[in-house]
Amino acid sequence: MIKKEMIAMLLAGGQGSRLGVLTSKVAKPAVAFGGKYRIIDFPLSNCINSGVDTVGVLTQYQPLRLNTHIGIGIPWDLDRNIGGVTVLPPYEKSGESEWYTGTANAIYQNLEYMESFNPEYVLILSGDHIYKMDYEVMLDFHKANGAEVTIAVMPVPIEEASRFGIMIADENKRITEFEEKPEHPRSNLASMGIYIFNWKTLREALIAMADQPALDFGKHVIPYCHDKGAPLYAYEFTGYWKDVGTLNSYWEANMELIDIVPEFNLYEEYWKIYTKSEIQPPQYIADNSKVERSIIGEGSDIYGEVYNSVIGCGVTIGRGTVVRDSIIMNQTQIGENCELNKAIVAENVEIADNVRLGTGEEAENETAPHIYNHGLVTIGEKSVIPKGITVGKNSVIFGVTSDADYEDSHLASGKTLIKAGE
Amino acid sequence: MRAIGIILAGGNNHRMKELSQKRAICAMPIAGSYRSIDFTLSNMSNSHIQKVAVFTQYNAKSLNEHLNSSKWWDFGRKQGGLYVFTPAVTAENSNWYRGTADAIYQNLSFLKNSHEPYVVIASGDCIYKLDFNRVLEYHIEKKADVTVVCRDMPRGTNVERFGTIRMNEESRIEEFEEKPLQAKTNTISCGIYVLRRRQLIEMIEKAAEEDRYDFVTDILIRYKELKRIYGYKISEYWSNIASVEDYYKTNMDFLKPDVRNYFFKQYPDIYSKVDDLPPAKYNVGANINNSLISSGCIINGTVENSVIFKKSYIGNNCVIKNSIILNDVYIGDNTYIENCIVESRDTIRANSRFVGEDGIRIVIERNARYVI
């Protein structure tokens, strides 16, 4: 009989709407990060590096890119005879069928998958954080404490604590209370959305709570277990952990990679991060170009100047173009004599010659100021920007645009130009 | 594809100088991210040859490491796959491969147990793109017994280290000389042959009976009147890397946009083993001109007209000019390197100076590296 000690369930179905047009066509875990990676590479690599070789990936929102990226799991060594990676979309049932209505509901709908591996423990992960973590150490902690549920927590500055789910633990790290986004936090231990459950506990809780609409771990399952008196423990994690839920935090996390010795170091020999590499040739840096404080992916051709930027694979940057403080994703082509400041340019974008992004005074974005802020210019995937266009700050462009879409070849700060269907 | 592939990867020669101490020529790193054998392997895979045998014997450690999985070239299928044959002691034989024909003879069961009617034989030390289906169609159309892929070399090329060929107007090969003292033509054999499997078995068995071991001198040249041997001319990029000068020149060719475009941007792709290295990183002080940089590199200094292979570290105030830095080299601060090939996994101390005065200098330092 198949027996896996611990299996992982990776929640990758969310849209991540605060990433704006970056997630219009792809699920957040499939968004590019750090030049050649996608966000989901981090939890998947953590799994295999921790010895967890059975991972169910729960998808729902725009799964195509995610599905092609994961495939049968070869890049992460998750192509296994028994276990490996399995993509789990919502499915139709003979009785009542529904989408995944909440994090725990998604897991509930896949009880059968988990059951088939006969696990002792189930690790619940989300696909939208950048971190390196040894889940085996967390499991050791879980076992040593005789816990039924262990929640990974992270100390955060107390003034920011009200943005998180906060755990209050005693001196033995046993959780006594918890609060969801409290106004006056009594602890600074924030939940990272990473849980280890005893399989029996999880199964019992999911079945008992099955009828709860939008069944959620933080809101329903954890309180249920706590109320039943199950021992809940907080596993404190002090390494690098970054939520890339907003455009600004996404931009910051990318920029941190270019420090001389970054806090999150991709160049360490052990704990490699794996990804699907489609492009293999080296990158070419031409005469009269300049590259400083930047990382660049395979097969890119740089003819211009690049400062403080993260450039993906297969990107071309034309002669005379200056790129500063920007993120440019795979296969984007940028013409000559352009200027990019604090731009996030998604995959397969075409920018013609003499385009300037991120110029002028800041102005609040007209349609979604909570998404497009901090002076960033965001360009959605497969967009086209014609010659000689100037674009202001806090602006967003998505879709194939032509001269007619701009007034005097200009898009003012804070403007939104979305031509692609949602 | 109705053919199986054989890659002759055993070879080594003194023209590679110190570079071949570490590895067979086929495992030589090329163009930043590849190894020589990737080109022939990818050509076979892209030609839909499903079953490929690699014959190797000289210092195959690097090559075996590189071929540890066949999935990178999309082999490893239920039908076919990638087979690596090194010499083995058997009841009948305890010799090394005494030549290319002997290598095939010692593994004749591979040929006998296959069912594909044709065989493509290629060497692993050439850099090119070729659809073997086109050669096979030509072979069938000419009703040839053996087809040899050949190429006219530009005047002034030292063709004496290749096999030279003269063909009649029908492309039938009339003269074939291996490494002639003085070449009469500038058409050379590219070391790629297509023939029927049964024909090959017959020729190889005959040669073995007569204690002859080399496929070119003992088979092709001796049979050139008896059998219909035809030449298939190619005109696209082709380069053999089996001398230090040619190895250097081939790598530098990849600095040219048309060569990069031909190999990297035009379909089909060349595949290599995936190394899972992070993107290349450029710190303050990096100054790069006309160079290829591979993934996993960290660059702090000046690099000009050079090819930097994977995972190399170049320290502050370094100057690297017209040089090739192979995989995983650490170069300490303030070092000056010009006209050199730096051997892989080497550690160059700070404040060093290496210049190839007349010709290319091969740098092998073998210093200890202290990893913090």
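Lettering follows sequence order; numbering is per chain, from 1.
- When all heavy atoms of B:D275 and A:K272 are compared, the pair lying nearest together is O-NZ, 3.2 Å.
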_salt bridge (charged side-chain N to carboxylate O under 4.0 Å, His left out) for B:K311 and A:E269? Distances and angles first, verdict last._
CA-CA 11 Å; B:K311 223 180 140 190; A:E269 278 295 311; 3.0 Å; yes
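- A:I279 does not touch chain B: none of its heavy atoms, backbone or side chain, sits under 4.5 Å away.
- Here CG of B:D276 is found 8.0 Å from OG of A:S45. Values are rounded to the nearest 0.5 Å.
- If you tally non-hydrogen atom pairs under 4.5 Å between each of B:S291, B:G32, B:A286 and chain A, the highest count goes to B:S291.
- Closest of all the heavy-atom pairs between A:K36 and B:P278 is CD-C, 4.2 Å.
- Counted within 6.0 Å of NZ on A:K382, heavy atoms from surrounding residues, nucleotides or ligands total 12 or fewer; the atom is thus considered open.
- The local environment of CZ in A:R80 is crowded, with over 12 non-hydrogen atoms from other residues, nucleotides or ligands closer than 6.0 Å.
- Contact annotation for A:Q283: both backbone and side-chain heavy atoms come within less than 4.5 Å of a heavy atom of chain B.
- With a 4.5 angstrom heavy-atom cutoff, A:Y303 touches chain B only via side-chain atoms.
- Although no hydrogens or angles enter the test, the distance criterion places no donor-acceptor pair under 3.5 Å between the side chain of B:N290 and the main chain of A:I285.
- A pairwise comparison of heavy atoms in B:N283 and A:I260 identifies CG-CD1, 3.8 Å as the closest pair.
- When the candidates A:L257, A:L266, A:D287, A:D259 are compared by the number of heavy-atom contacts under 4.5 Å with chain B, A:D287 comes out ahead.
- When all heavy atoms are compared, the tightest approach of B:K281 to A:P262 is NZ-CD, 3.9 Å.
- Side-chain polar atoms of B:S33 and A:Q280 form no donor-acceptor pair below 3.5 angstrom.
- Each of B:L292, B:I293, B:I308, B:V307 was compared with A:P282 under the side-chain contact (heavy atoms from CB on, under 4.5 Å) criterion, and only B:L292 meets it.
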*Show your reasoning for whether salt bridge (charged side-chain N to carboxylate O under 4.0 Å, His left out) applies to B:K265 and A:D301.*
CA-CA 12 Å; B:K265 306 230 160 128; A:D301 289 333; 2.5 Å; yes
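- Panel note: side chain A:E292, backbone B:Y282; no donor-acceptor pair is recorded below 3.5 Å.
- Of the listed residues (B:D269, B:I270, B:L255), the greatest number of heavy-atom pairs within a distance under 4.5 Å of chain A belongs to B:L255.
- Neither the backbone nor the side chain of A:I302 comes within less than 4.5 Å of any heavy atom of chain B.
- Ranked by heavy-atom pairs shorter than 4.5 Å toward chain B, the options A:I296, A:I311, A:V306 are led by A:I296.
- Closest approach of A:P281 and B:Y34 over heavy atoms only: N-OH, 3.2 Å.
- Interatomic distance, B:W72 CH2 to A:S277 OG, rounded to the nearest 0.5 Å: 8.5 Å.
- For the residue pair A:Y37 and B:P279, the shortest heavy atom distance occurs at CE1-CD, 3.9 Å.
- Heavy atoms of A:T275 lying under 4.5 Å from chain B belong exclusively to its backbone.
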